[in-house]
There are 2 protein chains.
Amino acid sequence: MLFTYILYTKNLLLSIKNHFDFFGFWCKIELIPLTLTLKEVIKISRSSFVTIKDIAEKAGVSVNTVSRALNDKPDINPQTKEKIEKIAQELGYVKNVYATMLKSNVTHTIGVIMSDSSNPFFSEVFKGIDKAARENNYQIIIMNSEGLYENEEKFLKTLLERRVDGILLFPMQKSYEDIQELIKEHFPIVLVGREIDGWNVDEIFSDEEKGGYLATKYLIEKGCKKIKMITDQLYNSASYGRLQGYKKALKEKGLAFSENDIKICEGIHEGYHVKAGYDKTMEMIRKKEEFDGIFCYNDLIAYGAIKALKENNLKISQNVSVVGYDDIAFSRLIEPELTTVKVKKFEMGYEAFQMLYKRIKSKQRDNSSTRKVLDVELVVRNS
Amino acid sequence: MLFTYILYTKNLLLSIKNHFDFFGFWCKIELIPLTLTLKEVIKISRSSFVTIKDIAEKAGVSVNTVSRALNDKPDINPQTKEKIEKIAQELGYVKNVYATMLKSNVTHTIGVIMSDSSNPFFSEVFKGIDKAARENNYQIIIMNSEGLYENEEKFLKTLLERRVDGILLFPMQKSYEDIQELIKEHFPIVLVGREIDGWNVDEIFSDEEKGGYLATKYLIEKGCKKIKMITDQLYNSASYGRLQGYKKALKEKGLAFSENDIKICEGIHEGYHVKAGYDKTMEMIRKKEEFDGIFCYNDLIAYGAIKALKENNLKISQNVSVVGYDDIAFSRLIEPELTTVKVKKFEMGYEAFQMLYKRIKSKQRDNSSTRKVLDVELVVRNS
DNA sequence: CTGTTAGCGCATTCAT
DNA sequence: ATGAATGCGCTAACAG
C-alpha cells in the first residue's frame, strides 16, 4: 500500500510517502520548495491539471490577462499574448470547461435518450445527430433506456443534473409526466421518431401512415389476398401510424381487415425483433393460418419472418411476399433482398439536432412549437 | 419577434416584453417585487434552474444546511431535513453537477473514442461499456473519429477539457504522440481492441493470431488449397495478428504463402467494408485468380465477398468457402449462414470499463500496467 | 493594455 | 444542529 501525507511546519513542507508491507515500512521524505504554499501542494497532490493561475504566476501577469489571451479577447498586448500562449503550451494547459460552464450557464452538450443505440435504425439516426452536433461544436451524452420507462425517467434527471443545453428524446409512448414537466418549463427538447398528439413540443418523425399504406398497397398490387402484419407494441405512434396505413390500403383495395391478422411482438431484449418475427411467422404456419403477404413493422422482424418462411420451404415473393420497414443497410444483403419502406434515418437525426439547436439558441421560450414530417418511400427489391 | 428588456430604476423593476410585428408593437409591463435584486432578476431571466440558495431562502436556513440535507450528511435535524426535501421537490431542484465537479475534481464521466459506433462490432462493444458504466453510475461521452487521426487528436483534447475521469480509446495504429503524452502523465486510459507493443498502458484485446489461425486452419481442413485473405489496412495490430495466424496455419499445413493472396481494403467511408469485400472478390474473379477459400478480416467484408461469389454463380462452401471475423448478429441471417471467428465483443467493452474504473479509483499513478487478452473461438456454420 | 474584484453553485471546514 | 466563510477555475465588469 502507498500513502501520501503532507505535513506543514513553520518553514518546511514535507511529503512523506510510506510504503508499508507486512514486515515493516520505510519512508521517503521529499523537500518541497517553500515558494509553494500548502494549498498549492495539496492541489498538486490531488490533480495534475494546470490552471490559468499557474500560467499567470509563471508569466507574472494576472489571471484575467491569461484568460483574455487564451480566449482571443481584444485589449491585449500581442507580445504578452504570445508569451502566455507559449507558457500554456509548455505547461500542457487544458481548460476546465466546468468552470466556464458554471459561469456561462451553457454546456454545449446535449443529451440523447434512445432505447437501443446498437439497433441499426437508431444507430443511423444517431449518426445524423452526431454529424450535426460536431458541426456545431456540441458534445453528446448518450443514454440507452432499453425501452424501460424507469431508465428514461432516471436519465432525464441525470441529464438535467449535467445541465445539458437540450435533450433529444426518442420517447416510449408511455412517459408523460416528467417530459411534460420539462415542456411546460420550456426546456429545449425535441421528440424524435414519435408523434405525440396535443403536446406543445417540437417533434420530428416519419410519415408512418404513408409508409404503412405504401407497403400494403404494394403487396396487394403484387397479388396478395391475405396480408398479415407483424408489429411492435401498439402504444407508440409509429406502429399506430403504420397500422392505419395498412388498414387504409386494405379498405381502398376492398380487402377485409381482421384483428387476427395483426400479430404483436412481445418482450424487449437483445435481438428480440428478429426472434419475434421468426416466432410469429412460425406460429402462423403452425396454426395453418392462411396468408400470402407479411408487412413487418421493421426490417429486423422481416429477417426473422423470412428465416421462418425459408425453413418451411415457402418461396419468398412467390408463396409469400414480405415487406419490411426502415431500410437498414443489411436489407440489401439478405436473400432475397428485402423490399422495404425507406425512412430518412440520417436526416431525422441531423434535422432533429438542428431543431434542438434552434430552440437552444432562440432565448425565446414561448409556446410555439414546430413539427417536421419526413417523407418515406417504398424500395422494391426481391421479397 | 419577441424581445425582453429589464430596466432597473430607483424603486421599480420593470420587465418589458415587446411584441413587434409588421404593423407596430405593443408592450406588457410587469412589476417585479423589490425583494429581488437586479442580479437575481437577470439570473431568473437567464436560467430557470433553482439553486440550493433558493431553497435555503425559502426554508429560512443556510445553504449548507440545505447541502447537508440533500446529501444525506449527518448532523441534521430530521424535521429540517424533511422540510428542505419537500421544498426542493416543490421548486423542482436539480443539482448542478458542474459546481460539484469543480469542487471535487471528479466528473463521473468517461470518454469513449471509437471509429464508428454504428459498425455492429463497435456497437456491441459499446453496449458492454455502457452496461458497466451504468452499473457504476458513470456517464459516457462518445466520439466517432471516423478513423481519422485528426479527429482522434481533437476529441482527446475535448475530453480532457471536459475533465473526464478516464478515456477508453480504440486507437488507430497511427496515433502515437498525444496518447503517449497522456500515458506519461498517468492519465487513466485503456486501449481497447488494439495491442500496442512496448507501451506502458492498460490494454484489452482479442487473441487475433489465434483467430486468424483457427479460421485458416478450418479452411484448410475443409479442403481448401488456395486461400485468399481480404484484410483491412495492415498498420493495426488486429489485421497484423490475423495475418500472422493465417501464415502460421498455412505453414503448419504445408501450403505456400504468397503476397498476392493478401488483398487490402482501401478507403474508409460509410459501408466501405461490404463494398471492399465485394470489389476485391470481383477483382479476383475478373483477373481469373485461382482460389477456393477466403478468410475475411471481418464479417462485413465476408458479406461483400459472398455477394460477389453469388453473382458469379459460385457456390459458397462448395466452390469457395468463406470465413469471417467478429460474429456479429447478422452473420446468422445471411445465406448461407456465415462461418466466422467469434469475438467477445460485449465482454471486451465491459471489461475495458472495469479496467479503466480500477485505474481511476486507485490513486496510484505508477508505471504498472495490465493487459488482458480475450479468447476467441471458431463458429462453424455453412459458408 | 492590464490588474482587481466579484461571483457562478456547491461542499467543506470551522465556529457557534 | 446550524451558520458563516472559503474556494474550486474561470470570466466579466470595472477601474486604473
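Below, chains carry the letters A, B, ... as their sequence lines are ordered, and counting in each starts from 1.
In terms of position on DNA chain D, the residue among A/Y93 and B/P74 whose nearest nucleotide sits closer to the 5' end is B/P74. Where B/V63 and A/K81 each meet DNA chain C at their nearest nucleotide, the meeting point lying more 5' is that of A/K81.
Between B/K131 and B/E135, at least one side-chain N (NZ, or NE/NH1/NH2) sits under 4.0 Å from a carboxylate O, which counts as a salt bridge. Taking the charged nitrogens against the carboxylate oxygens, A/K154 and A/E150 have no contact shorter than 4.0 Å, which rules out a salt bridge. Of the charged side-chain nitrogens involved, none lies within less than 4.0 Å of a carboxylate oxygen, so that B/E82 and B/K86 do not count as a salt-bridged pair.
Rounded to whole angstrom, the span from the CD atom of A/E57 across to the C1' atom of D/dG9 amounts to 13 Å. Between the OH atom of B/Y98 and the C1' atom of C/dG9 there is a distance of 13 Å, rounded to whole Å. If you measure from atom CG of B/N105 to atom P of D/dG7, you get 16 Å, rounded to the nearest angstrom. Straight-line distance from the CD atom of B/E161 to the C1' atom of D/dC10: 13 Å, rounded to whole Å. The CD1 atom of B/I55 sits 14 Å away from the C1' atom of C/dA11 (whole-angstrom rounding). The distance from atom CD1 of B/I84 to atom C1' of D/dG3 is 12 Å, rounded to the nearest whole Å. Atom-to-atom, CG of A/L70 to C1' of D/dA12 comes out at 16 Å; the value is rounded to the nearest Å. A straight line from CG of A/L102 to C1' of C/dG7 spans 9 Å, rounded to a whole angstrom.
With distances taken from any side-chain atom of A/K103 to the nucleotides C/dC8, D/dG3, C/dA11, the minimum falls on C/dC8. Side-chain proximity of B/S67 to C/dT2, C/dT12, C/dG9: nearest is C/dT12. Looking at the side chain of A/R68, the nearest of the listed nucleotides D/dT11, C/dT2, C/dA11 is C/dT2. The listed nucleotides are D/dG9, C/dC1, C/dG3; the one nearest the side chain of A/V61 is C/dG3. Distances were taken from every side-chain heavy atom of A/T80 (C-beta onward) to each of C/dT2, D/dG9, C/dA11; the shortest belongs to C/dT2. When the nucleotides C/dC10, D/dC8, C/dG3 are ranked by their closest atom to the side chain of A/T65, C/dG3 comes out on top. Nearest nucleotide to the B/N71 side chain, out of C/dT12, C/dA11, D/dT11: C/dA11. Listed nucleotides: D/dT2, D/dT11, C/dG3. Nearest to the side chain of A/S62: C/dG3. Distances were taken from every side-chain heavy atom of B/N64 (C-beta onward) to each of D/dG9, C/dC10, D/dA4; the shortest belongs to D/dA4.
Among the heavy atoms of the strands lying under 4.0 Å from B/D75 is at least one base atom, whether or not backbone atoms are also near. Within 4.0 Å (heavy atoms only), A/T100 reaches sugar-phosphate atoms of the nucleic acid but no base atom. Nucleic acid contact class of A/I52 (heavy atoms, under 4.0 Å, all strands): base.
Residue A/K73 places no side-chain N or O under 4.0 Å from the OP1 or OP2 atom of C/dT2. Distances shorter than 4.0 Å separate some side-chain N or O of B/K95 from OP1 or OP2 on C/dA11. Within the structure, every side-chain polar atom (N or O) of A/K53 is placed at least 4.0 Å from both OP1 and OP2 of D/dC8.
Counting only heavy atoms from C-beta outward, the side chains of B/K95 and B/L70 never approach each other to under 4.5 Å.
A cation-pi arrangement is absent between B/R163 and A/Y98 under the rule of less than 6.0 angstrom and at most 45 degrees off the ring axis. Within the cation-pi definition used here (under 6.0 Å to the ring centroid, within 45° of the axis), B/R134 qualifies as a partner of A/F155.
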